[in-house]
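Take a look at the structure below.
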Number of protein chains: 2
Amino acid sequence: MLEAQKSDGTVGKALHVLDQVAEFCRPVRFSELLENSPFPKPTLYRFVQTLTNQGMLSYDPDRQTYAMGVRLVRLAHSAWRHSSLARVARPHIETLATQCGEAVHLAQLDNGHVLFVDKCKISDHFDTLAQAGKIAPGYCTGLGKAILAFMSFEQQQRAISHQSFVPYTPSTLTSSEELKRELNTIRESGVAYDREEHEQGIVSIACPIRTSQGSIVGAVSIATSTRRYSISDLEEYRPALLAVAENIGIEAEVWQVPSWN
Amino acid sequence: MLEAQKSDGTVGKALHVLDQVAEFCRPVRFSELLENSPFPKPTLYRFVQTLTNQGMLSYDPDRQTYAMGVRLVRLAHSAWRHSSLARVARPHIETLATQCGEAVHLAQLDNGHVLFVDKCKISDHFDTLAQAGKIAPGYCTGLGKAILAFMSFEQQQRAISHQSFVPYTPSTLTSSEELKRELNTIRESGVAYDREEHEQGIVSIACPIRTSQGSIVGAVSIATSTRRYSISDLEEYRPALLAVAENIGIEAEVWQVPSWN
DNA sequence: AAAAACAGTTTCAAATAATGAAACTTAGTT
DNA sequence: AACTAAGTTTCATTATTTGAAACTGTTTTT
């Protein structure tokens, strides 16, 4: 499912180990890593040692487990400031969140997955940091579909092939054919919906953030609970959402946020 | 000043390049990197290529610059959840921030530098994410001195040797001797002060977060502006601060947050 | 317009570091 | 005490990294 090392030598392999540890979403033992690893025991062992030395992993001697290291949060600070849309988009999504009183999300795509780079919800403003960096699937979220719909054909093919099509809820799209049909609709209308496809009771309206040349850099969405509003209620914010996405796109271009085209 | 690769082979070198890029605090050209690099041109070139392939760096073709890549924010999400004090400390520092109405900071030490892992200020709650992962010097911040004061002798020596002793303000301690004297005082009193040593007009009171075995895991501080309060006003919050630090220490132990002892 | 300077990229043989089967050392069971 | 599983080390083999030098393309100077 996840892969990234076509032929990037030792460094690529070591980074793959980092991904593996991250995927566990909890501190993990060496033997657990070994089971899911393409590398033989001593090789994996040395990678883990090196990464720990380097502060990319941290080792808990009591529990004998490895977790992601603090050095990453230092490095990511810089990433967040310079390579993500978040810094540029922050004021825009704050305004939008205040305006509609719902959770506003901002995402980029990272290797086929929707990467949340910022979140803004007026009622619980302390959740932000815990959310940034979180990943969600591309095929069953508003943000993901909005991004996928506006990629170039080759990128889209590649990204679609990375999707797992796990049926999270009854409304989840479960095949690349269904997804492609939906993406065509989205490309025409300019807006994507999440109709409880990822989580029961959560719906959202999302739209792509693009540069003036039309290259996709990310997506914004407004999410809400079905207990409060329906999809059609969210329609109300459509113009505001589109306007925000456009403004972010323009600013991102000026600030030269890297896109993937 | 920064170093981390004793002998960690190719992977260590590649990660050193990442650090280099991060240090620039802005998108950087290959040639700029080369000037500050211990590696010969083709070697550095290949590292940068590999890291870009891997999404650890991102390349802007228009400006021909490299910046930290989005993959880092994904990886750091996991780091923040599992290796940092932040998750455990969050409720405690929120309470403290509400109580005193000033900015509360949480830090760990990363290679001799104070690494902000969380920040909580009631009046501008959207600054959090932008702050997490930021680094500050250890010798001239309340948080840094609180951590340094309670390290083992060997660690302290190593950490002190990493300090630059740049005189940010007239009150900055500018030699290891002065710093060591101050650290002794702090070790006795259990509290560290920043008397406008890093930034003119900003003072803080900080105290260490330790496990029951006495090993240091981080520090909490309350910071304020001299235009509103003086150091002696902050004294008022000393008991609350100490209590919060103790509680975080206890919880961190239960949750097995990795320490550096 | 030619020449020079510069930034970025490729080549290739030598040097070095990574590899993994097997052996070994612990720590935890039966 | 014997057994088992997890973690660590060894070492000859193999594959990757290395960097001087050469090359290409772009910009600046003459």
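Every chain is numbered from 1 and lettered A, B, ... according to where its sequence line falls, protein lines coming before strand lines. Heavy-atom basis, side chains included; hydrogens, waters and symmetry copies ignored.
The side chain to side chain donor-acceptor pair (under 3.5 Å) pairs that include a residue from residues 43-52 of chain A number zero, where partners must be two or more places apart or lie in different chains.
Partners of S31(A) under the side-chain hydrogen bond (donor to acceptor under 3.5 Å, both in side chains) rule, at least two apart in sequence or in another chain, do not exist in this structure. Scanning for side-chain contact (heavy atoms from CB on, under 4.5 Å) contacts around E246(A) gives I250(A), with sequence neighbours left out. Under the side-chain contact (heavy atoms from CB on, under 4.5 Å) criterion, A79(B) pairs with M68(A), L72(A), V73(A), not counting sequence neighbours. For S212(B), the side-chain hydrogen bond (donor to acceptor under 3.5 Å, both in side chains) partners two or more places apart in sequence, or in a different chain, are E253(B). Annotation: side-chain contact (heavy atoms from CB on, under 4.5 Å) contacts of E199(B) (sequence neighbours excluded): I202(B). Every ring-ring contact (aromatic ring centres under 6.0 Å, His included) that Y168(A) has, sequence neighbours left out, goes to H198(A). Applying the side-chain contact (heavy atoms from CB on, under 4.5 Å) criterion to A146(A), with sequence neighbours excluded, gives A192(A), A206(A), P208(A), A219(A).
Rounding to whole angstrom units, NZ of residue K41(B) and P of dT9(C) are separated by 10 Å. Put simply, OH on Y45(A) is 18 Å from P on dC24(C), counting in whole angstrom units. One interatomic measurement links the two molecules: CD of E35(B) to P of dC6(C), which rounds to 12 Å at whole-angstrom precision.
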For a quick test of your reading: what N or O donor-acceptor pairs under 3.5 Å do the side chains of residues 32-41 of chain A make, sequence neighbours left out?
residue	atom	partner	partner atom	Å
E32(A)	OE1	R29(A)	N	2.8
E32(A)	OE2	R26(A)	NH1	3.4
E32(A)	OE2	R26(A)	NH2	2.8
S37(A)	OG	F39(A)	N	3.1

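For DNA chain D, the contact window with chain A, defined by any atom under 4.0 Å from a protein heavy atom, covers dA6(D) to dT17(D) in 5' to 3' order.
Of all the heavy atoms in V220(A) and L143(A), the pair that sits closest is C-CD2, 3.6 Å.
Ranked by how close their nearest DNA chain D nucleotide is to the 5' end, Q64(A) and P42(B) are led by Q64(A).
For the helix from dA1(C)-dT30(D) to dT30(C)-dA1(D), the rotation axes defined at the first and last 5 base pairs enclose an angle of 30°, given to the nearest 10°.
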With B for base contact, S for sugar-phosphate-only contact and - for none (protein heavy atoms under 4.0 Å), nucleotides 12-19 of chain C reads -----SSB
